[in-house]
Amino acid sequence: MTTNNPAHEIPKAYEPSAHETDIYKMWSDGGFFAPDTSSDKPPFVIVMPPPNVTGALHMGHALTTALEDLMTRWHRMLGEPTLFLPGADHAGIATQVVVERELKKEGTTRHDLGRDEFLKRVWDWVEKYGSRIYEQNKRLGASCDWSRRAFTLDSGPSRAVRQTFFDLYQKGLIYRGERIINWCPSCTTALSELEVKYSDEDGALYHIRYVLEDGSGDLVIATTRPETLLGDTAVAVNPDDERYSAFIGKTVSLPILGRSIPVIGDEAVETEFGTGALKVTPSHDPTDFEIGERHGLESINIMNLDGSLNEHAGPFAGQDRFAARAAVVERLREDGLLVEVEPYRHSVGHCDRSGDVVEPLVSRQWFVKTAELAAPAIAAVRDRSIKIVPERFEKVYYNWMENIRDWCVSRQLWWGHRIPVWYCDDCEEVNVAVDEPKSCDACGSVALRQDPDVLDTWFSSGLWTHSTLGWPEPTSDLERFYPGTVMETGYDILFFWVARMIMLGMFNNGGQAPFSTVYLHGLILDPEGKKMSKTKGNVTDPLDLADAYGTDALRFALTTGNAPGNDMRLNEQKLEWARNFANKVWNSARFVMMNMDRNQDALEDWSERPTPQHREDRWILSRLGRVADDVNTNMENFQFGDAQKTLHDFIWNEYCDWYIEMAKVRIRAGDLTPLPVLAYVLERALRLLHPFMPFVTEAVWQQLTSRLPEPAQERLGGDGRALIVANYPTLEDGAVDEKAEGEIETVVELVRAVRNLRAEFRVNSSQRIPAVVNSPGMADVMGEEAAAIGALAMIEPLTLGQAEGDAAASLVLKHSTVTVPLAGVVDIDAEIKRLNEELATLARGAKGLEGRLSNEQFLAKAPDAVVEKERERLASLKERRQRVSDILGRLGG
RNA sequence: GGGCGAUUAGCUCAGUGGUUAGAGCGCUUGCUUCACACGCAAGAGGUCGGAGGUUCGAAUCCCCCAUCGCCCACCA
């Protein structure tokens, strides 16, 4: 990092790559990322959603990191101990699939390797690639406490998993049962409801005839999965359906297999759908499973775990499910039992990971009883102990939580937390324990076998807010940093993760919610508004963008200009806009430092608010104070986009376009009093901007503050003399001066008016013109600012007073009238026309206001302040109208 | 079948009751002004998706409708 270069040697454009690495190292070496544990202030804690350990950083991660880091940095600068805790998730299925794919290339499988050898391979993989995601987050400037980084399979979080399982079991909230679950034949594991994604697909509705055994007729059923008829154990009709009520109690012969199955009546059957008769396959359909339970039907599983049919499928045993479907249909056709094949679009479930079609089937799995856990989690949001931003997601949360179903947590995988259950071979006792038991609790036998399955990845993720802090041990971190402050993540994992964290966090911590605010961000979409996905090939790598535009630009672009929870399209223009802003900051500093270096002798200590020498100084200081106040308010309300927009506009439009330009006029005239104000306001602006653009602000700040005497440097930057730990500005750092604000507003209006006239009359940009400013109430202001106005509007000479002569163009402003005598340039007729138009506009405005002010209802019901404001507006409009008609009179219009 | 969101300038988006609705990009015009062409200055461009209602006052609140997107839901 170059901190002491003379300003004229500073490059004209900000080059992110020349600074980012060094600055990050400086922060890291300085120890600024770790929370100050000596502080008495309540800490700010944000636990990073752990990315998949095998994954690469995508746009969603970049957004998460940008948002979490800006919150963290703001709180750090407020002097709060801040903990931004990073980590990674073992991501059960995802990781296992990746390694299995590797094995396949080598021509082997995990089964060939065996469990231990396979797990070794996965760990090797994690060793090799697991730190990639951390490095990527560092490139984004994440001010995480890396000394506390956690991995879900670390011993601490693993113990937390076993302890939670044990506690849930003790309270009867976890059980093992035979239930219908979603099975992925590719991953050969059970899935939870959430891991199944449904999509509408074209298929067929097969109408199949089931013949009554007493020869009295037949029933036609409709199904989308004809192969499952091999597992049918009944045919059901609605008991109120007159077409079929006579059949209830009879038996039909199951096509192909010829088994005798009963016709039953059940309310669940919709008379309207299909033929009104339903084949019942309790083993392979959730509705059928329930019907089976109600009627005590046998449940015949016809499928192997790889999706092929098993011995119960008779002639189709061994065939894959889709081949079997075709074969069954063919056989039905041959048997004359296929009545109709109706094209049919219906919803098909796919595995979230493999994309394979999911099969519902009955299987023995572990389930978490969620209703009891959900109740306090719902209450926590209702009583506002947890606030969801934006609020509309609370409704979504309630809806899901209030209809929550038991959570299948066992997975038939090898990579993950193995279920802490040991079965006794001798007495069949189920031993649930935190640590591996030596012998069976019931009979003392040592013939124990641990459950081969692992837990759903989201089970350990659900403990993340406290397992990372040492729970169940009563560590000082747990004591100090639980509950956390904000949980920031995408709305797409509200159910997967947030809901479960709230449930398990409260369960494990005596009902204490794991965080007080949930901030949900939207999705980053491609420029066409499409979701980014690998298969679509429209994925942009955030680090490529960071390379091209700088990390600050990427972060700024991702977090500005959209509201919480809304999706955002990202395009190059937006990144350019953000990059340009970083460059603007860089160059404004370059200007200030060049002037400081040039006038070193005159430079005073500007580390504290300088005494304003001029109206402009009072104005920019006042604006600084207001902006600081606005930004802090927006931050408190999680309106990050607004905070950044406010800063962008202040720095660019007010500080650069007006204050610097006005200051130039004085500096050129040899008045150096703007220098301390320029430096001070820039320094405070850098602090304000730091959470959003950490690198460029730190780079500039280091160079700027190196131009202060040592003691002042200390005072500015805290112990470390780094912006990252400087205090965040407040209203007091400026000083609201409404008078100065109003007066400069008038000056700005005047300068703009003259520029406008110049452009309209196509006055050569280098030609200075004369102007007369008539501003009775503001004469002293105009006098004092005359030099600046003259320079900025290219006026020469600037005369105060009443204009004379008629070959002139005039603009009537709020507090002044400016007249530019441009003999030979101004077309008087056109000028009269223009003024008449303006008169009409003013008259229209006045008429509207008069109407409103003569409305009794308005006077009676609107607040006094509003009425008063309208009166003032009307008076001002009338006064301006008078001035315009005076000018018209002079011109003879 | 429910629910949510979006619909505002050519494009991408801010803006939740109080002047004449804002920004960036793009566009037009003029600037090699000693911080910045990743720049400066001036400008054009909108009946805020449609209809109705509440209100002194509606882009903003309510009702209905339309289009697009997302989420949830066991109709085989």
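This is a predicted model, so every value here is computed, not measured. No hydrogens, no waters, no symmetry mates; every other heavy atom, side chains included, goes into these values. A, B, ... follow the sequence lines: proteins, then strands. Residue 1 opens every chain.
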Enquirer: Write down the distance separating the C1' atoms in B:rG26 and B:rA59, rounded off to the nearest Å.
Expert: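 It works out to 24 Å between them.
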Enquirer: Taking the C1' atom in each of B:rA44 and B:rC38, what is the distance between them to the nearest angstrom?
Expert: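 Roughly 25 Å separates the two C1' atoms.
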Enquirer: What is the separation between atom CG on A:Asn403 and atom C1' on B:rG2, rounded to the nearest whole Å?
Expert: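 In whole Å, B:rG2 C1' and A:Asn403 CG are 11 Å from each other.
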Enquirer: Can you figure out which of B:rC56, B:rA76, B:rC38 approaches the side chain of A:Lys861 most closely?
Expert: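 Within the option list, the nearest is B:rC56.
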Enquirer: Closest approach to the side chain of A:Arg392, judged atom by atom: which nucleotide of B:rC4, B:rU55, B:rC70 is it?
Expert: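 Closest nucleotide among those given: B:rC4.
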Enquirer: Given the structure, check if the side chain of A:Lys584 and the base of B:rC36 hold any donor-acceptor pair shorter than 3.5 Å.
Expert: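 Present.
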Enquirer: Is the base of B:rC31 touched by the side chain of A:Ser765 through a donor-acceptor pair closer than 3.5 angstrom?
Expert: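 Looking at the base of B:rC31, it does not pair with any donor or acceptor on the side chain of A:Ser765 (distance under 3.5 Å).
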Enquirer: Would you say B:rA35 has OP1 or OP2 under 4.0 Å from some side-chain N or O of A:Trp652?
Expert: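 So the side chain of A:Trp652 is outside the cut-off, no N or O lying under 4.0 Å from OP1 or OP2 of B:rA35.
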Enquirer: Would you measure the distance from the C1' atom in B:rU7 across to the matching atom in B:rC75 and give it in whole Å?
Expert: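 Comparing C1' positions in B:rU7 and B:rC75 gives a spacing of 33 Å.
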Enquirer: So which one's nearest nucleotide on RNA chain B is more toward 5', A:Leu194 or A:Glu270?
Expert: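 Its nearest nucleotide being more 5', the pick is A:Leu194.
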Enquirer: May I ask you to say what A:Tyr344 touches in the nucleic acid, namely base, sugar-phosphate or nothing, with a heavy-atom cut-off under 4.0 Å?
Expert: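 The residue A:Tyr344 makes sugar-phosphate contact but no base contact.
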Enquirer: Would you classify A:Arg405 as touching base, sugar-phosphate or nothing, given that sugar-phosphate means primed atoms plus P, OP1 and OP2, and contacts are heavy atoms under 4.0 Å?
Expert: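 Answer is sugar-phosphate: A:Arg405 comes under 4.0 Å of backbone atoms only.
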Enquirer: Give A:Gly561 one of three labels, base, sugar-phosphate or nothing, depending on what nucleic acid heavy atoms sit under 4.0 Å from its own.
Expert: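 Sugar-phosphate only.
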Enquirer: Pick base, sugar-phosphate or nothing for A:Lys645, based on heavy-atom distances below 4.0 Å to the nucleic acid.
Expert: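 If one applies the 4.0 Å heavy-atom cut-off, A:Lys645 turns out to touch the sugar-phosphate alone, with no base involved.
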Enquirer: Using atom C1' of each nucleotide, how far apart are B:rG15 and B:rG3 to the nearest Å?
Expert: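 Going atom to atom, C1' in each nucleotide, I get 26 Å.
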Enquirer: Once the angle between the rings of A:His19 and A:Tyr14 is folded into 0 to 90°, is it parallel (under 30°), tilted (30 to 60°) or perpendicular (over 60°)?
Expert: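 Taking A:Tyr14 first and then A:His19, their aromatic rings lie parallel (interplane angle under 30°).
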Enquirer: Of all the nucleotides listed (B:rC38, B:rC56, B:rC75), which has the minimum atom distance to the side chain of A:Phe273?
Expert: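 My answer, after comparing the listed nucleotides, is B:rC75.
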Enquirer: Check A:Val696, A:Leu689, A:Thr697 against A:Asp552 for a side chain to side chain contact (heavy atoms under 4.5 Å, CB included) and give me the one that passes.
Expert: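 It is A:Val696; the other options fail the test.
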Enquirer: Considering only side-chain heavy atoms of A:Asp657, which listed nucleotide, B:rA73, B:rC40, B:rA76, is closest?
Expert: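 Closest nucleotide to the A:Asp657 side chain: B:rC40.
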Enquirer: Among B:rA42, B:rA35, B:rC56, find the nucleotide with the atom closest to the side chain of A:Ile660.
Expert: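 For A:Ile660, the side-chain atoms sit closest to B:rA35.
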Enquirer: Starting the side chain at C-beta, find the nucleotide from B:rC13, B:rG18, B:rC75 nearest to A:Arg569.
Expert: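 Nearest to the side-chain atoms of A:Arg569, counting from C-beta on, is B:rC13.
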Enquirer: Separation of A:Glu870 atom CD from B:rU20 atom P, in whole Å?
Expert: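 Rounded to the whole Å, the gap is 7 Å.
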Enquirer: Determine the interatomic distance between P on B:rA6 and the same-named atom on B:rC13; round to the nearest Å.
Expert: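 Rounded to whole Å, the distance is 12 Å.
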Enquirer: I'd like to know if A:Asp567 pairs up with A:Lys531 as an ion pair, taking the criterion as any Lys NZ or Arg NE/NH1/NH2 lying under 4.0 Å from an Asp or Glu carboxylate oxygen.
Expert: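 Salt bridge between A:Asp567 and A:Lys531, a charged N being under 4.0 Å from a carboxylate O: no.
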Enquirer: Do any side-chain nitrogens or oxygens of A:Arg762 fall under 4.0 Å of OP1 or OP2 in B:rA42?
Expert: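 So the side chain of A:Arg762 is outside the cut-off, no N or O lying under 4.0 Å from OP1 or OP2 of B:rA42.
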Enquirer: Would you say NZ of A:Lys869 has more than 12 non-hydrogen atoms from neighbouring residues, nucleotides or ligands within 6.0 angstrom?
Expert: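 No, NZ of A:Lys869 has 12 or fewer neighbouring heavy atoms, counting only those of other groups under 6.0 Å.
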Enquirer: Between the side-chain atoms of A:Arg873 and the base atoms of B:rU19, is any donor-acceptor pair under 3.5 Å?
Expert: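 When only heavy-atom distances are counted, A:Arg873 does reach the base of B:rU19 through a donor-acceptor pair under 3.5 Å.
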Enquirer: Among A:Glu359, A:Glu227, A:His284, which one satisfies side chain to side chain donor-acceptor pair (under 3.5 Å) with A:Arg321?
Expert: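 Exactly one pass, corresponding to A:Glu359.
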Enquirer: Using whole Å, what does the distance between atom P of nucleotide B:rU12 and atom CE of A:Met568 come to?
Expert: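 Taking CE of A:Met568 and P of B:rU12, I get 14 Å after rounding.
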Enquirer: Distance check needed: B:rU12 P versus A:Lys574 NZ, whole Å only.
Expert: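 So the two atoms are 12 Å apart, to the nearest Å.
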Enquirer: Considering residues, nucleotides and ligands other than A:Lys664, do more than 12 of their heavy atoms fall under 6.0 Å from its NZ?
Expert: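 Yes, the 6.0 Å shell around NZ holds more than 12 heavy atoms from other groups.
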Enquirer: Over how many whole Å does the gap from A:Glu402 atom CD to B:rA73 atom P extend?
Expert: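 In whole Å, B:rA73 P and A:Glu402 CD are 14 Å from each other.
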Enquirer: From the set B:rA35, B:rC56, B:rA76, return the single nucleotide nearest to any side-chain atom of A:Leu278.
Expert: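 So the side chain of A:Leu278 is nearest to B:rA76.
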Enquirer: Round to a whole Å and report the spacing from CG of A:Leu792 to P of B:rC40.
Expert: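 About 14 Å, once rounded to whole Å.
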Enquirer: Nearest whole angstrom, please: distance from the C1' of B:rA35 to the CE of A:Met593.
Expert: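 Roughly 10 Å, once rounded to whole Å.
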Enquirer: Quote, to the nearest angstrom, the C1' distance that separates B:rC62 from B:rU47.
Expert: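 Straight-line distance between the two C1' atoms is 22 Å.
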Enquirer: Before we go on, tell me: are the rings of A:His648 and A:Phe581 under 6.0 Å apart, centre to centre?
Expert: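 Close enough - the centres of the two rings lie under 6.0 Å apart.
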Enquirer: Identify the residue among A:Val751, A:Val812, A:Leu750 that makes a side chain to side chain contact (heavy atoms under 4.5 Å, CB included) with A:Val818.
Expert: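 Checked A:Val751, A:Val812, A:Leu750 against A:Val818; only one passes side chain to side chain contact (heavy atoms under 4.5 Å, CB included): A:Leu750.
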Enquirer: If you go through the side-chain atoms of A:Glu661, does one of them form a donor-acceptor pair with the base of B:rA35 closer than 3.5 Å?
Expert: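 Checked by distance alone, the answer is yes.
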Enquirer: Do A:Trp652 and A:Val585 have side chains that approach each other closer than 4.5 Å (heavy atoms only, starting at C-beta)?
Expert: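 Contact flag for A:Trp652/A:Val585 side chains = no.
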Enquirer: Kindly point out which of B:rG18, B:rA14, B:rA42 is positioned nearest to the side chain of A:Phe858?
Expert: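 Taking heavy atoms from C-beta onward, the closest nucleotide is B:rG18.
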Enquirer: Assign each of A:Gly276 and A:His648 to its nearest nucleotide of RNA chain B by heavy atoms, then name whichever residue's nucleotide is nearer the 5' end.
Expert: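 Mapping each residue to its closest nucleotide by heavy atoms, the 5'-most match is A:His648.
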Enquirer: Regarding A:Arg758, tell me which of base, sugar-phosphate or nothing describes its non-hydrogen contacts under 4.0 Å with the strands shown.
Expert: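 If one applies the 4.0 Å heavy-atom cut-off, A:Arg758 turns out to touch nothing in the nucleic acid.
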Enquirer: Mind checking if A:Val592 touches a base, just sugar-phosphate, or nothing, with heavy atoms under 4.0 Å?
Expert: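 The residue A:Val592 makes no contact with any strand.
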Enquirer: What's the gap between B:rU28 and B:rG45 when it is taken at their P atoms, as a whole Å value?
Expert: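 Their P atoms lie roughly 16 Å apart.
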Enquirer: Considering only side-chain heavy atoms of A:Phe495, which listed nucleotide, B:rA76, B:rC13, B:rC71, is closest?
Expert: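 Closest nucleotide among those given: B:rC71.
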Enquirer: Among the nucleotides B:rC75, B:rG3, B:rC56, which one has an atom lying closest to any side-chain atom of A:Lys395?
Expert: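 My answer, after comparing the listed nucleotides, is B:rG3.
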Enquirer: When you check the phosphate oxygens OP1 and OP2 of B:rG57, does a side-chain N or O of A:Arg852 lie under 4.0 Å from one of them?
Expert: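 For A:Arg852, the contact criterion (side-chain N or O under 4.0 Å from OP1 or OP2 of B:rG57) is not met.
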Enquirer: Could you check whether A:Ser588 gets within reach of a base, just the sugar-phosphate, or nothing at all, counting any heavy atom under 4.0 Å?
Expert: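 If one applies the 4.0 Å heavy-atom cut-off, A:Ser588 turns out to touch a base.
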Enquirer: Hey, does A:Asn566 reach any base, or is it just sugar-phosphate, or nothing, if we go heavy atoms under 4.0 Å?
Expert: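 Sugar-phosphate contact only.
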Enquirer: I need the CD-C1' distance between A:Glu15 and B:rC36, as an integer number of Å.
Expert: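 So the CD-C1' distance, A:Glu15 to B:rC36, works out to 14 Å.
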Enquirer: Return no unless some side-chain N or O of A:Asn580 is found under 4.0 Å from OP1 or OP2 of B:rG39.
Expert: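 Yes, within the criterion.
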Enquirer: On a whole-Å scale, what distance lies between the C1' atoms belonging to B:rC64 and B:rG22?
Expert: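 Approximately 30 Å lies between the C1' atom of B:rC64 and that of B:rG22.
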Enquirer: At under 4.0 Å, does any side-chain N or O of A:Asn756 touch on OP1 or OP2 of B:rG43?
Expert: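 So the side-chain polar atoms of A:Asn756 do come within 4.0 Å of the phosphate oxygens OP1 or OP2 of B:rG43, strictly under.
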Enquirer: Do A:Lys664 and B:rA35 have a side chain to base donor-acceptor pair shorter than 3.5 Å?
Expert: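 Between B:rA35 and A:Lys664, which were checked side chain against base, a qualifying N/O pair under 3.5 Å is present.
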